[in-house]
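Quick note on labels: first sequence line is chain A, next is B, and so on, each numbered from 1.
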There are 2 protein chains.
Amino acid sequence: MHTSTALLTDHYELTMVDAALQAGTAQRGSVFELFARRLSGARRYGVVAGTGRLLDAIERFRFTDAELEFLREHRIVSGAALDWLADFRFSGDIWGYPEGEVFFPGSPLIIVESSFAEGVLLETLALSILNADSAVATAASRMSHAAAGKPLAEMGSRRTGEYSAVAAARSAYLAGFSATSNLEAGRRYGIPTMGTAAHSFTLLHDSERQAFEAQVAALGTDTTLLVDTYDIEQGVRTAVEVAGTGLGAVRIDSGDLPVVVAQVRRLLDELGATRTRITVTNDLDEHTVAALAASPVDSFGVGTSVVIGSGTPTMGMVYKLVAHENESGEWISVAKKSAEKASVGGRKSVRRSYNARGTATAELILLGDGPSGEPEGEDLPGVSREVLAPLVQAGEILPEHTGAAGLAAARERHRTRVAELPPVALSLTRGDPAIPTEYR
Amino acid sequence: MHTSTALLTDHYELTMVDAALQAGTAQRGSVFELFARRLSGARRYGVVAGTGRLLDAIERFRFTDAELEFLREHRIVSGAALDWLADFRFSGDIWGYPEGEVFFPGSPLIIVESSFAEGVLLETLALSILNADSAVATAASRMSHAAAGKPLAEMGSRRTGEYSAVAAARSAYLAGFSATSNLEAGRRYGIPTMGTAAHSFTLLHDSERQAFEAQVAALGTDTTLLVDTYDIEQGVRTAVEVAGTGLGAVRIDSGDLPVVVAQVRRLLDELGATRTRITVTNDLDEHTVAALAASPVDSFGVGTSVVIGSGTPTMGMVYKLVAHENESGEWISVAKKSAEKASVGGRKSVRRSYNARGTATAELILLGDGPSGEPEGEDLPGVSREVLAPLVQAGEILPEHTGAAGLAAARERHRTRVAELPPVALSLTRGDPAIPTEYR
């Protein structure tokens, strides 16, 4: 996927560049901020995901001849704008919440400091990636703690667009899942992949036994056999007869799971397959995972609900101009005034405050004027920690945020940051954010 | 996007191929069917979308050295399976509901007739594309009739994954939208693109007037000016002062729209801008569009709700083996027995029946045995029409289903097929399918 990402954007980003170039305002220094006004789905916290993918996409945000030809042919922008786009390469600074970090209403997740033209061009792409990936990661994070330490695999590729599926596998892994069914996610991001067989494989063969024999011959006795195509009890018996008591696992994809799982565990133990694991995969979400966490289930496969954000497929993040230079080169904080869409102007910095036990207590958003990479807040009471980190400096992407290493760091960061939240954060009910956002 | 699609699939599709190759069952003739057990979101009808994209993706479903190397390195399948995959090219037949057609519970939207191995390989990719694209098209279709003939533009790229955004623009266009903000959708599918400016453009400038002047200078007086950054009434007055009474349109993105739209229309008329259009874009869905259809709005921009399927981001379609050859080469109809996931075995054909006024009355699903391209149903009462069409024959994709011509035909087909449904189909409330599905 080394193709240009430059047309994965809205028409108006380019017409604004065009008009600002003609008006002589395109080069005004500007600060854009990406944030969510509220936590969609009344979540207790959000999980930042997509940052590494965004940085990769910015690297490939170039207008090659193919993109310019489309814009010229359809007269989307003027010739002067085409010349400017042909030379475009993002040259500004980007700060942000590192991937895997938790966030709250108003948290400035991405701060772009550049000319107006450079900053506005990234709007649609940044929102597409962060909105979608963070929605999946936020849902996956809830499922991870609902599972109470038992492993979760993401298996929802078939329920979302074919490329969103790859991104969803990445977001779920970042938020605590341990594997995915999606092979492209395995190739692209190094995520462990897994899977053995579907019902169709059993149906193809002349009997369930023949199907199990074929699978064990090819994949070994440590495989997972799907036992519910016909009768589950008979399926379990046949599975152990075919694979022996060293059978790796059985998968159950239907039925009243708490009851069925207990029956299957008893049967496996009776048959001597005491180490054979049980995995379940029947339309699970965080609530059904939580309800099964105390049952003898060994692992979960989650499909639809994780890839569609468990009822919240997008986070409602927006990307707003919060400060810019005026005609005289002075920095002005700006904000849209419409009542229901108010935003807070100015370049922010952020500190998260903690109590003496190390539990997070508030998201402190400190208002500044022009662009500033320097954290403030030395005069804040108690313990607090700077949240924003540099992602891009003078157009150069900081490599620690991308690639397999960036993803591994994000996964660890997610674990750490969620563990610092107060206990209410782990509630699966709708409610207020786990910590308040305070402006200083 | 000429890259391979072969890893946009689940791990288990490949392990099933591997095991079936080793067991000698991989080449058994098989029929797979893609269908929805119910209409997600209690819609009155579904709209088939993604078929053209799926056919393109099948064309690119090849295991090149890069894909094979990943599979080898991670030991996902055996060496024999790698050899088979290296030569893989789909060589079977595919029948399906042509894109834009409406569908109901049980409608066999895609029927794949091939060896087991060839058919099972397409499962995940086919479901990813059809589930996502049809969810968007189904929501967009509701919005199209809610708008009662006024034009709709799709503007939701920022609220879904960056490649799903391109697909969503295509699905919305297919289901009656007239334009998109997404430039890649314009390039790839020839969909008209549109857009002028965001609030950030107004905020960048030293006054709203300066911003409007800059936009009109670049884009002409026929442009659309966004008038709600500060005070809407003043915004409208300034817009007409700057652009004159020939101003193309004003856009309103906030406020209590039915009230505001009426006020803006009166004001524009007072100012002599009687031909200036009003477009609205504030978190619209089919219900708010319907509520505004009788107001003096001239066009709608719909964002979030259309790209996430208006509460139903995926259609819940499944892909099941329904018939196959046994050891002796006889065709067997098969079905999974689990109570809540029952499926109907056998190769189907479909006729839609009509009453004397040309209104659809039922989806008739005719059960057959082995593979059959021949429609049945000559002995059915009344008027009925064959629904399934060939999409792929002996591995050759029929070109009328792909490309810009395929999309244009799908758009026209959608219009025709929705118009044939009984009036209840246009109800926006949750309820039963507009026509019953009957098995014969």
Out of Gly345(B), Gly50(B), Ser78(B), Gly186(B), which one racks up the most heavy-atom pairs below 4.5 Å with chain A? Gly186(B)
Largest heavy-atom contact set with chain B, pairs under 4.5 Å, which of Thr196(A), Leu8(A), Val322(A), Leu14(A): Thr196(A)
Do any N or O atoms from the side chain of Asp10(B) and from the backbone of Tyr12(B) form a donor-acceptor pair under 3.5 angstrom? no
What I want to check is whether the side chains of His74(A) and Thr193(B) have a donor and an acceptor closer together than 3.5 Å. no
Most contacts with chain B, counted as non-hydrogen pairs under 4.5 angstrom, among Asp18(A), Asp231(A), Thr160(A), Leu130(A): Thr160(A)
Region of Glu327(A) in contact with chain B, defined by heavy-atom distances below 4.5 Å: both
Ala66(B) portion near chain A, given a 4.5 angstrom heavy-atom threshold: both
If we ignore hydrogens and angles and just use 3.5 Å, is the side chain of Arg158(B) paired with the main-chain N or O of Ser128(A) as donor and acceptor? no
Among the options Asn326(B), Val77(B), Leu183(B), Val307(B), pick out the one with the most heavy-atom pairs lying under 4.5 Å from chain A. Leu183(B)
Which region of Ile76(A), side chain (C-beta onward) or backbone (N, CA, C, O), has a non-hydrogen atom less than 4.5 Å from a non-hydrogen atom of chain B, or is it both or neither? side chain
At a 4.5 Å cut-off on heavy atoms, which part of Glu213(B) comes close to chain A: side chain, backbone, both, or neither? neither
Quick one: of Ala198(B), Pro313(B), Ala57(B), Gly311(B), who has the most non-hydrogen atom pairs under 4.5 Å with chain A? Ala198(B)
Bottom line for Ile332(B): the part with an atom under 4.5 Å from chain A's heavy atoms is neither
Contacting moiety of Met16(B), where chain A heavy atoms sit under 4.5 Å: both
Can you check whether Arg28(B)'s main-chain N or O pairs, donor with acceptor, with Ser30(B)'s side chain at less than 3.5 Å? yes
When heavy-atom pairs shorter than 4.5 Å are enumerated against chain B, which of Asp206(A), Val136(A), Asn131(A) gives the highest number? Asp206(A)
Could you tell me if Arg159(B) and Thr304(B) have a donor-acceptor pair between their side chains, going purely by distance under 3.5 Å? yes
Using only atom types and a distance under 3.5 Å, with no angle test, would you say the side chain of Arg60(A) pairs donor to acceptor with the backbone of Thr3(A)? yes
CG-CD1 distance between Leu226(A) and Ile232(A), expressed to the nearest 0.5 angstrom: 9.5 Å
Where does Met315(B) contact chain A at under 4.5 Å (heavy atoms): side chain, backbone, both or neither? neither
To check you understand the geometry: which heavy-atom pair defines the closest contact between Thr180(B) and Ala185(B), and what is its length? CG2-CB, 4.1 Å
Report yes or no: do His11(B) and Ser181(A) form a side-chain donor-acceptor pair below 3.5 Å? no
Could you look at Val216(B) and say if it's the side chain, the backbone, both or neither that has a heavy atom under 4.5 Å from chain A? neither
Is it the case that Thr281(B) and Arg251(B) place a side-chain donor and acceptor less than 3.5 Å from each other? yes
The interface call for Tyr319(B) against chain A, heavy-atom contacts under 4.5 Å, is neither
Where on Glu162(B) is there a heavy atom nearer than 4.5 Å to chain A: the side chain, the backbone, both, or neither? both
Where on Glu67(A) is there a heavy atom nearer than 4.5 Å to chain B: the side chain, the backbone, both, or neither? both
Going by distance alone, is a donor N or O of one side chain under 3.5 Å from an acceptor N or O of the other, for Thr223(B) and Gln215(B)? yes
What I want to check is whether the side chains of Glu13(A) and Thr124(A) have a donor and an acceptor closer together than 3.5 Å. yes
To the nearest 0.5 angstrom, please state how far the NE2 atom of His205(A) sits from the OG1 atom of Thr25(B). 3.0 Å
Of the listed residues (Gln210(B), Glu325(B), Met317(B), Glu123(B)), which shares the most heavy-atom pairs with chain A below a 4.5 Å separation? Glu123(B)
Non-hydrogen atoms of chain A under 4.5 Å away: do they reach the side chain of Ala217(B), the backbone, both or neither? backbone
Side-chain donor-acceptor contact under 3.5 Å, Ser157(B) with Asn182(B): yes
What option among Arg187(A), Gln22(A), His324(A) has the most heavy-atom pairs under 4.5 Å with chain B? Arg187(A)
Examine whether an atom of Glu69(B) lies under 4.5 Å from a heavy atom of chain A, and if so say whether it belongs to the side chain, the backbone or both; otherwise answer neither. neither
With a 4.5 angstrom heavy-atom cut-off, could you sort out which part of Phe201(B) is near chain A: side chain, backbone, both or neither? both
Let me know if Leu71(B) has heavy atoms under 4.5 Å from chain A in its side chain, its backbone, both or neither. side chain
So, Ser4(B) side chain and Ala6(B) main chain: donor-acceptor pair closer than 3.5 Å or not? yes
Between Glu154(B) (side chain only) and Gly156(B) (backbone N and O only), is there a donor and an acceptor less than 3.5 Å apart? yes
Ranked by heavy-atom pairs below 4.5 Å to chain A, first place among Gly316(B), Gly309(B), Ala165(B) goes to Gly316(B)
Can you tell me which of Met155(B), Arg53(B), Glu73(B) forms the most heavy-atom pairs within a distance under 4.5 Å of chain A? Arg53(B)
Structural part of Leu204(B) lying under 4.5 Å from a heavy atom of chain A: both
Which of Ala168(A), Ser164(A), Ala197(A), Ala211(A) touches chain B most, by non-hydrogen pairs under 4.5 Å: Ala197(A)
